[in-house]
K.L.:
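Please see the structure below; I have some questions.
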Amino acid sequence: MVSSTLQHHGYSIHSSRFPATPSGSLPLSRNHLHQILSTKTPPNLLCLFTHHFPSSHFYSYKLVDRCRRPLRCNFCHQDSLDFEKANGDFDEVGEENGEFSELELLELDEEARRAARKYSISLSKELGLEDETYEDRGEKWQGQKTLSIQIPDNLLPRVAIVGRPNVGKSALFNRLVGGNMAIVVDEPGVTRDRLYGRSFWGDREFSVIDTGGVMTFSRSHDDVMEELAITTTIGMEGISLALREAAVARMPSMIEKQAAAAVEEASVIIFLVDGQAGLTVADEEIADWLRKNYSSKPIILAVNKCESPRKGLMQASEFWSLGFTPLPISAISGTGTGDLLELVCSELQTIEAFEISEGENKYVPSIAIVGRPNVGKSSILNALVGEDRTIVSPISGTTRDSIDTEFTGPDGQKYRLIDTAGIRRRAAVASGGSTTEALSVNRAFRAIRRSDVVALVIEAMSCITEQDYRIAERIEREGKGCIIVVNKWDTIPKKNQETTAYYEQDVREKLRVLNWAPIVYSTATTGHSVERIIDAASMVERERSRRLSTSILNQVVQEAVAFKPPPRTRGGKRGRVYYSTQAAIRPPTFVFFVNDARLFPDTYRRYMEKQLRSDAGFPGTPIRLLWRSRRKAEKEWKAADTVKRSGTNAERLSVAT
């Protein structure tokens, strides 16, 4: 111990933070200095000795505690203390060596939080995304207050919207949930999977389900294919023509299967028809299907596209022959939607009644599954939830909306899985001229934004492309945790123990921006190793939410600086780190207060990030390092204080007058 060594030679240790025990300077010989530096000290007494008063035979040194906040200590000779001089021995060291008062440390912590928020907002504007999620916009649009206890999605009563294609189901869905969750394009067959959203009306909360258009058997197969306009060329170059035609032929039945599943689990059914097109044979067949199979459930007939109240009654009168009471509404303008919600809630009140315990209100991490088209994203979602939640087809662009699904892991932890559309290159999307695909890609990027962990799916047999790297860059800039999922691992022939090592090396080299992300090898069609995706995502979410104590952080930083100091400029200047703190989590954000941020080049900043990862961990999540110049921060503090004082003076003046 340092104290025992010094006491053996007649010295004692006093801290300058305690004014009751002043101290003088310590004369140490060169022999004693080597013995002190070689003494084994515990981790919380890691010390840095700095030369203070040189003389011919004796030296004085300053002890700096690098585990906690900077602590000034003097080595003192017990027989020769000069108490009058001792009080000012190290006052001139002060801020130059990282000494701050308690008030200054609080100001630095607050400045670090402001810097983290400012950087996050500027990055959001640069990426061109809004800060609010769909749920936030929905609550503000309807002007409703959320419940004090969040009801889990699986306990909410559900309302399904069904009807033939292109009658405005997605527009009504967006109107009810209060956002643009569903893609709305004036063409049939845009919606294919089930899309869920939360809706509020009064004190009632329920889940709304958007479905694809129900195809009827009265139409020929060629007419259905022509109306759906399914492409068999884009993204299907490696698939035989027979498989393409078979996949296209199955598409209408798969859409109908998803719609039927939504009706099965719904408590109330909204049967939507087109008031401008009038009554059709398809409407009559859907009405017969609902009446025959779901007569026990409340069915509300809503006549859409009735913008005019006068004409709406005339348009709705045509649908009395279906056997239901028609209600004219307009999903675009909102006409009649209030009456529709009143009718829906009145039916729900007689059906649903449950209580929510406090234990149900827990944070649910979101996992977005993204990647290029046809890499197996929907197959992974279906394998995880154990059902055909989304349509799986070799047709490129099968998934269009971002599909949210709640999933409970083996440990009881709930997750929100988000299946997304395949992301192609921007030039390819623009050359295709498809508005639907452009909106689908936009929804995929928004899914990344509102997620906590992103599973980047790549195909094992396909080489990592530039588009994979672009998606990886987007994930890193968004600050999301990430796991790399190598799907279709069973297609790799002649695998051995070295195959995984070689493949991982290739992924690390081509996706350098995600060199911190764990890699999972799986086969979604057989369910092989799919559960490892959830295990890895759970670990990443814990690391992404972890907070490093200020003492440990400053110890790591000081050790990194001592091992490799910042480079000097041509003028002889060198960067100095005064203080560092973690300002935010998700992602972990660290703020370094330095003398001049320009003195720390990008190479040194990458070195500091590498040292943080090697000493403190944080696998699977990006970390942000923000460098703040001390002088710049002081100017901002003074400016903020001036504004605050001027506002106070103005208030006093107004009160006086």
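Throughout, residue positions are numbered sequentially from 1 according to the sequence presented.
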K.L.:
More than 12 foreign heavy atoms under 6.0 Å from CZ of Arg532: is that the case here?
P.N.:
no
K.L.:
If we only count heavy atoms from C-beta on, is the Val454 to Ile471 side-chain gap below 4.5 Å?
P.N.:
no
K.L.:
Find out whether Val594 and Tyr578 are in side-chain contact, i.e. whether some heavy atom of one side chain is under 4.5 Å from a heavy atom of the other.
P.N.:
no
K.L.:
Nearest 0.5 Å, please: how far is OH in Tyr579 from CZ in Phe592?
P.N.:
12.0 Å
K.L.:
Of all heavy-atom pairs between Leu456 and Ala472, which one has the smallest distance, and what is that distance?
P.N.:
CD2-CB, 4.2 Å
K.L.:
Can you find a heavy atom in the side chain of Arg477 that is under 4.5 Å from one in the side chain of Leu123?
P.N.:
yes
K.L.:
Can you see which heavy atom on Thr420 is nearest to which on Ile369, and at what distance?
P.N.:
OG1-O, 2.6 Å
K.L.:
Go through the steps to decide whether Asp419 and Leu417 satisfy the test side chain to side chain contact (heavy atoms under 4.5 Å, CB included), and finish with yes or no.
P.N.:
CA-CA 7 Å; Asp419 186 20; Leu417 304 178; over 6 Å; no
K.L.:
Locate the shortest heavy-atom distance separating Leu514 from Glu476; write the atom from each residue and the value.
P.N.:
CD2-CB, 4.4 Å
K.L.:
Is there a donor-acceptor pair closer than 3.5 Å between any side-chain N or O of Ser538 and the backbone N or O of Asp535?
P.N.:
no
K.L.:
Please confirm whether the backbone N or O of Thr550 pairs with a side-chain atom of Asn554, one donor and one acceptor, at under 3.5 Å?
P.N.:
yes
K.L.:
Checking side-chain contact (heavy atoms from CB on, under 4.5 Å) between Ser366 and each of Arg416, Arg450, Lys480, which is the one that passes?
P.N.:
Arg416
K.L.:
Using 30° and 60° as the class boundaries, would you call the ring planes of Phe590 and Phe618 parallel, tilted or perpendicular?
P.N.:
perpendicular
K.L.:
Between Lys573 (side chain) and Arg568 (backbone), is there a donor-acceptor pair under 3.5 Å?
P.N.:
no
K.L.:
Would you mind reporting whether Pro566 and Arg574 have side-chain heavy atoms less than 4.5 Å apart?
P.N.:
yes
K.L.:
I'd like to know if Arg470 and Glu466 make a salt bridge, using a cut-off of under 4.0 Å between side-chain N and carboxylate O.
P.N.:
yes
K.L.:
Hey, what do you get for CZ (Arg204) to CG (Leu156), rounding to the nearest 0.5 Å?
P.N.:
9.5 Å
K.L.:
Between Gln582 and Arg546 (side chain of the first, backbone of the second, donor and acceptor by atom type, cut-off under 3.5 Å), is there such a pair?
P.N.:
yes
K.L.:
Under 4.5 Å between any side-chain heavy atoms of Ile519 and Ile483, yes or no?
P.N.:
no
K.L.:
Quick check on Arg117: does its CZ atom have over 12 non-hydrogen neighbours (other residues, nucleotides or ligands) under 6.0 Å away?
P.N.:
yes
K.L.:
Mind listing the closest non-hydrogen atom pair of Val520 and Ala536 along with its distance?
P.N.:
CG2-CB, 4.0 Å
K.L.:
Donor-acceptor check, side chain of Asn595 to backbone of Arg576, threshold 3.5 angstrom: yes or no?
P.N.:
yes
K.L.:
Counting distance only, does the side-chain N/O of Thr581 pair as donor-acceptor with the main-chain N or O of Asp109 below 3.5 Å?
P.N.:
no
K.L.:
Output, in order, the C-alpha distance, side-chain angles, deciding distance and verdict of side chain to side chain contact (heavy atoms under 4.5 Å, CB included) for Leu511 and Glu473.
P.N.:
CA-CA 9 Å; Leu511 296 179; Glu473 277 187 328; over 6 Å; no
K.L.:
Nearest 0.5 Å, what's the CG-CG distance between Leu612 and Leu548?
P.N.:
7.5 Å
K.L.:
Taking side chain as C-beta onward, heavy atoms only, is Ser629 less than 4.5 Å from Phe593?
P.N.:
no
K.L.:
Under a 4.5 Å cut-off applied to non-hydrogen side-chain atoms, are Ile464 and Ile458 in contact?
P.N.:
yes
K.L.:
Where do Arg613 and Ile623 come nearest, in terms of heavy atoms and distance?
P.N.:
NH2-N, 3.5 Å
K.L.:
Quick test of your reading of the model: are Lys610 and Asp615 salt-bridged, counting only N-O distances below 4.0 Å?
P.N.:
no
K.L.:
After noting the C-alpha distance and the side-chain angles of Trp627 and Val591, does the key distance pass the side chain to side chain contact (heavy atoms under 4.5 Å, CB included) rule?
P.N.:
CA-CA 6 Å; Trp627 304 77; Val591 180; over 6 Å; no
K.L.:
When you measure from the side chain of Glu205 to the backbone N and O of Phe200, does any donor-acceptor pair fall under 3.5 Å?
P.N.:
no
K.L.:
Assess Arg474 against Phe445: is NZ or CZ under 6.0 Å from the centre of the six-membered ring, and within 45 degrees of the ring's axis?
P.N.:
yes
K.L.:
Between Ser199 (side chain only) and Leu176 (backbone N and O only), is there a donor and an acceptor less than 3.5 Å apart?
P.N.:
yes
K.L.:
Check this for me: does any side-chain nitrogen of one of Arg544 and Asp452 sit under 4.0 Å from a carboxylate oxygen of the other?
P.N.:
yes
K.L.:
CG of Leu108 to OG of Ser580: how many Å apart, nearest 0.5 Å?
P.N.:
10.5 Å
K.L.:
Can you find a heavy atom in the side chain of Asp404 that is under 4.5 Å from one in the side chain of Tyr196?
P.N.:
no
K.L.:
Decide yes or no on side chain to side chain contact (heavy atoms under 4.5 Å, CB included) for Glu111 and Arg114, but give the supporting numbers first.
P.N.:
CA-CA 5 Å; Glu111 170 63 19; Arg114 287 198 300 267; 2.7 Å; yes
K.L.:
Which value, rounded to the nearest 0.5 Å, describes the distance between Glu478 atom CD and Ser120 atom OG?
P.N.:
9.5 Å
K.L.:
Distance check, rounded to the nearest 0.5 Å: Thr621 atom OG1 versus Glu543 atom CD?
P.N.:
8.5 Å
K.L.:
Measure across Thr589 and Leu626 and return the closest heavy-atom pair with its distance rounded to 0.1 Å.
P.N.:
CG2-CD1, 3.9 Å
K.L.:
Using a distance-only test with no angle check, is there a side-chain donor-acceptor pair under 3.5 angstrom linking Ser545 and Arg586?
P.N.:
yes
K.L.:
Donor-acceptor pair, Ser122 side chain versus Tyr119 backbone, under 3.5 Å?
P.N.:
yes
K.L.:
Only distances under 3.5 Å count here; give the side-chain donor-acceptor pairs of residues 598-608 to other protein atoms, sequence neighbours excluded, each with its distance to 0.1 Å.
P.N.:
unit_1: Arg598; atom_1: NE; unit_2: Asp596; atom_2: OD1; d: 3.2
unit_1: Arg598; atom_1: NE; unit_2: Asp596; atom_2: OD2; d: 3.4
unit_1: Arg598; atom_1: NH2; unit_2: Asp596; atom_2: OD2; d: 3.1
unit_1: Tyr604; atom_1: OH; unit_2: Lys564; atom_2: O; d: 2.7
unit_1: Arg605; atom_1: NE; unit_2: Phe600; atom_2: O; d: 3.0
unit_1: Arg605; atom_1: NH2; unit_2: Ala597; atom_2: O; d: 3.0
unit_1: Tyr607; atom_1: OH; unit_2: Ala560; atom_2: O; d: 2.8

K.L.:
Donor-acceptor check, side chain of Glu104 to backbone of Ser101, threshold 3.5 angstrom: yes or no?
P.N.:
yes
